[in-house]
Amino acid sequence: METFDIIKWVAEILLPVLTGLAGFFAGKRKRDNDFLSDLQRSINALSEDNAKLIRKTIDLNQEVIALRKENAELKEEVGALRKENAALRDEIGELKSQLDGVKTITRIRKDA
């Protein structure tokens, strides 16, 4: 009967403990693998977002460079127009000084 008690004890107590330990260690490996795969998915998502942000930054930098170039061209044009405007003002001043001695005669026509 003592042999039967030992088998019963093993079946009732030791076997569930051993099964629980085996399940824990097998589950731990799966949990670790799941955790690693979750981390890898997070890293992949962050890498994709980072690549998109880098592309967007490059595009924006190129746009800034183009706008700065256009701005410099416009400043040159404005400078040239200011010089031309100053020359025209000088010319107008000279013409006015030439016309200072001239009397303006205005004739009004009367229709009968």
Side-chain angles (χ1 to χ4, degrees):
M1 191 90 171
E2 199 171 297
T3 311
F4 182 71
D5 288 338
I6 292 174
I7 294 173
K8 186 177 178 184
W9 180 78
V10 166
E12 289 179 356
I13 297 173
L14 195 57
L15 192 59
V17 170
L18 292 175
T19 307
L21 287 173
F24 172 78
F25 287 115
K28 182 176 181 349
R29 185 173 181 187
K30 182 176 180 345
R31 284 190 306 274
D32 290 345
N33 287 340
D34 289 345
F35 177 70
L36 290 175
S37 64
D38 288 343
L39 284 177
Q40 187 62 46
R41 277 195 296 273
S42 295
I43 290 169
N44 291 341
L46 290 172
S47 295
E48 288 174 10
D49 290 345
N50 191 33
K52 287 178 187 176
L53 289 174
I54 288 172
R55 281 192 299 271
K56 188 173 183 177
T57 302
I58 289 170
D59 291 343
L60 290 174
N61 283 339
Q62 289 174 345
E63 185 176 346
V64 166
I65 289 168
L67 289 173
R68 285 182 178 170
K69 182 180 177 184
E70 182 181 348
N71 190 24
E73 291 170 357
L74 290 173
K75 282 182 179 180
E76 287 178 16
E77 288 180 23
V78 166
L81 289 173
R82 285 184 177 163
K83 287 179 184 177
E84 184 180 346
N85 190 21
L88 289 174
R89 285 178 190 241
D90 291 343
E91 189 176 332
I92 289 172
E94 289 175 18
L95 291 174
K96 280 185 179 180
S97 66
Q98 290 175 2
L99 293 175
D100 278 344
V102 176
K103 290 185 179 178
T104 307
I105 300 173
T106 309
R107 193 168 137 185
I108 300 175
R109 226 172 149 192
K110 290 185 181 179
D111 292 331

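- Annotation: the span from I54 atom CD1 to D59 atom CG amounts to 12.0 Å, rounded to 0.5 Å.
- Between the CG atom in L95 and the CG atom in D100 there is a gap of 11.0 Å [rounded to 0.5 Å].
- Results of the side-chain contact (heavy atoms from CB on, under 4.5 Å) test with I92 over E94, K96, R89 single out K96 as the only residue that passes.
- Residue R41 holds its CZ atom at 11.0 Å from CG of L36, rounded to the nearest 0.5 Å.
- Taking CG from N61 and CD from E63, the interatomic distance works out to 10.0 Å, rounded to the nearest 0.5 Å.
- Side-chain contact annotation: Q40 with N44, donor-acceptor N/O pair under 3.5 Å present.
- Within the model, atoms CG of L81 and CG of L88 stand 10.5 Å from one another, a figure rounded to the nearest 0.5 Å.
- A distance of 10.0 Å separates CG in N50 from CZ in R55, rounded to the nearest 0.5 Å.
- The local environment of CD in E73 is crowded, with over 12 non-hydrogen atoms from other residues, nucleotides or ligands closer than 6.0 Å.
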